[in-house]
Number of protein chains: 2
Amino acid sequence: MPGEIALGLDPVIVCVVDAVPLVLTVVDGERPRLPAGSFDPARDRTLELAARRSIDEQVGLNVGYLEQLYTFGDRFRDPRETAGGPRYVTIGYLGLIGSPALGGQADVEWIDWYQFFPWEDWRRGRPLVLDKNVVDRVGAWIAEGGTDAGRRIRGTAAFGLDGAPWNDEAVLERYEILYEIGAVAEAPVHRDVLGRPMALDHRRILATAIGRVRAKIKYRPVIFELLPPSFTLWQLQRTVEALGGMRLHKSNFRRFVEDGGLVVGTGERRATSGRPAETFRFRPEVIAERPDPGVGIR
Amino acid sequence: MPGEIALGLDPVIVCVVDAVPLVLTVVDGERPRLPAGSFDPARDRTLELAARRSIDEQVGLNVGYLEQLYTFGDRFRDPRETAGGPRYVTIGYLGLIGSPALGGQADVEWIDWYQFFPWEDWRRGRPLVLDKNVVDRVGAWIAEGGTDAGRRIRGTAAFGLDGAPWNDEAVLERYEILYEIGAVAEAPVHRDVLGRPMALDHRRILATAIGRVRAKIKYRPVIFELLPPSFTLWQLQRTVEALGGMRLHKSNFRRFVEDGGLVVGTGERRATSGRPAETFRFRPEVIAERPDPGVGIR
DNA sequence: CGCCTTATACTACTTTTGAGCATAATTGGT
DNA sequence: ACCAATTATGCTCAAAAGTAGTATAAGGCG
């Protein structure tokens, strides 16, 4: 007779406002947490519907796009776990929403996700925290591994050491290495911690979400879930850059999305502080035309 | 007080023998099923460890590579579910293994996964079943949708209609459309069904696994989990082709993996029925050199 | 030896990507 | 009215990557 399971739902709800990627949190204690819910099989026919209802009940929000991320079930991942009690397993979800309108709960807050992962934002150049606090410690961790080639390759690839390229999608891998070397406050033993901590393993779930969304925008047109129906190309680019934490080449980005058939001009123009910009809308037919219709550009 | 949860584990264990992609099944009834286990929190510290132990106990197999796929929890996905009873939630896993050695259970069987998905194998040209049975029915389903542009784009993209390219990774999407139109035996209402059915929703889980592994080999070097430590380039290519269900251009494939630093020659040669081939081994350093070290080639 | 088979090398061409510069259309100040 | 600043948009060019072949090499076998 297997022990008891408590199945939770942990949604990472993302919105981008003025090139700042925001994640929806509940701040009712020391550390922000995700607006978690629990799955009651008597009420919901599917896990996704349960997640949607839980989000609606918790924060009064109707997310358009929602996808399952990963299921977390390590022992003691939730401090409520006791010797004879249930295991707290939780399913992470990624939700995307176009505007940060909320139901009005007091303790709900949108937070810039780079507060939790300052080393992930390369838009204003290489993050200072890397050379100040990360590179040396990862190097020490590699050296400490001695002949462990796996550890060397892992660390080098994750943090772009020795000239290795930075992989914007390896968010979880980096977080896990930092956890392993005690550089985040969630680790059982830690010092000189980086980034703002979250409750439980929620920063790990957020890392999973960021990695997923960074990968996904490159081959699925999910970026448009975060934008109004019509937008300028600069708005689109800034949103992509916000998620990816990197700058893109303007003309090449335009060429990619326009010639690639991802967007189509509306003919209307919008005032800027310079030449007015044409507005565009997503062109859904591209899904059937290209194998990977996303904004996959370096 | 939420209802009870029974948490299962459904591993899709894959092995490629002579260019045939095999999946490990239990055949003890009408329909093959995955070698499922159940998660007992009292015994296992993590979900992955539970999956590994379950696989070992069920089929006496030690998989090297194992990754979580997706968590399935729809109401009535498991026929054991009753009105007052628990919801049977299960976590799918993908396991890769180099050789089909087994512990010796009688009802365990390796089955060519294209028996379950005959429309996914394009190695000997376009699968006949597509034009015989699929294209018309998907077309009818689209027409039936009337002005529903979503359905048209979805069907066109998934099955490569109207000249759209075939996307080898959209295995689950195709299965789900076939389920929706009643072209698979697992659908509640069906006729003229395609492919061999599996128990419960196991064919859906297998579709998820095939899609995942087809995507994954393009950006992670997981293909080597399915090969011995040293292999010829033709062996490597045939294994990739088996998973992807498509043929690759031989010289270009060689150039890609060799010049790309994914493999390195051992200097040894192996007899073939023609000129002997050099053997190669995986070169792990590539992980730190290239952003997406996989066999991503058309 | 000549022929078959498979491995490996090389070439020509096309497409995509990366980086930079040029021009266009506004606003706001003088 | 004109100029400078600002942002949008268009264009070019070289490098890199991908596509599709053909040519040659090295074995086995009659």
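The chains referred to below are lettered A, B, ... by the order of the sequence lines, with proteins before strands, and numbering in each begins at 1.
Taking a 4.0 Å limit (strictly below) on heavy-atom distances, residues 258-270 of chain A does not reach DNA chain C anywhere.
Note that CH2 of B:W119 and CZ of B:F159 are 7.5 Å apart. Values are rounded to the nearest 0.5 Å. To the nearest 0.5 Å, the span separating OG1 on A:T232 from CZ on A:R269 amounts to 11.5 Å.
Partners of B:E176 according to the salt bridge (charged side-chain N to carboxylate O under 4.0 Å, His left out) rule, which considers only residues two or more places apart in sequence or in another chain, are B:R204. Scored by the side chain to side chain contact (heavy atoms under 4.5 Å, CB included) test, B:K132 finds no partners at all (sequence neighbours excluded). The salt bridge (charged side-chain N to carboxylate O under 4.0 Å, His left out) test applied to A:R212 returns A:E67, not counting sequence neighbours. A search for side chain to side chain contact (heavy atoms under 4.5 Å, CB included) contacts involving B:P228 returns B:Q235, not counting sequence neighbours. Remark: A:R151 engages A:E144 in a salt bridge (charged side-chain N to carboxylate O under 4.0 Å, His left out) (not counting sequence neighbours). Every residue two or more places apart in sequence or in another chain that forms a salt bridge (charged side-chain N to carboxylate O under 4.0 Å, His left out) with A:R154 is listed here: A:E173, A:E180.
Put simply, CZ on B:R254 is 12 Å from C1' on D:dA25, counting in whole angstrom units. When the P atom of C:dA7 is taken as reference, atom CZ of B:F280 falls 11 Å away, rounded to whole Å. Atom NE2 of B:H249 is separated from atom C1' of C:dA9 by 13 Å (rounded to the nearest Å). The interatomic distance linking B:E278 (CD) with C:dA9 (C1') rounds to 13 Å, in whole Å. One interatomic measurement links the two molecules: CZ of B:F256 to C1' of D:dA17, which rounds to 10 Å at whole-angstrom precision. Between the CG atom of B:N252 and the C1' atom of C:dA12 there is a distance of 12 Å, rounded to whole Å. In this entry the distance linking CG of A:L248 with P of C:dG18 reads 10 Å, nearest Å. The interatomic distance linking A:M246 (CE) with C:dG18 (P) rounds to 11 Å, in whole Å.
Each of D:dA8, C:dA9, C:dG20 was ranked by its minimum atom distance to the side chain of A:S251; first place goes to C:dG20.
Within the structure, the salt bridge (charged side-chain N to carboxylate O under 4.0 Å, His left out) test picks out no pair touching residues 219-238 of chain B (sequence neighbours left out). Contacts classified as salt bridge (charged side-chain N to carboxylate O under 4.0 Å, His left out) and involving residues 116-127 of chain A (residues at least two apart or in different chains) are given here: A:E120-A:R174, A:E120-A:R214, A:D121-A:R123, A:D121-A:R124, A:R126-A:D131.
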Each nucleotide N or O in nucleotides 13-15 of chain D that has a protein N or O under 3.5 Å away: list the pair and distance.
none

Quick one: which protein N/O atoms are closer than 3.5 Å to N/O atoms of nucleotides 4-7 of chain D? Pair and distance per line, please.
unit_1 : atom_1 : unit_2 : atom_2 : d
D:dT7  : OP1    : A:S273 : OG     : 3.4
D:dT7  : O2     : A:R275 : N      : 3.3

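Across the helix from C:dC1-D:dG30 to C:dT30-D:dA1, the helix axis at one end is tilted relative to the axis at the other end by 10° (nearest 10 degrees, each axis from five pairs).
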Salt bridge (charged side-chain N to carboxylate O under 4.0 Å, His left out) evaluation trace for A:D292 with B:K218: CA-CA 13 Å; A:D292 294 333; B:K218 290 172 192 152; over 6 Å; no
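Proximity of a side-chain donor or acceptor of B:S230 to a complementary backbone N or O of B:R281 within less than 3.5 Å is not detected. In this structure, the side chain of A:T279 does not engage the main chain of A:T266 through any donor-acceptor pair within 3.5 Å.
With a 4.5 Å cut-off on side-chain heavy atoms, A:F256 and A:L248 do not count as touching.
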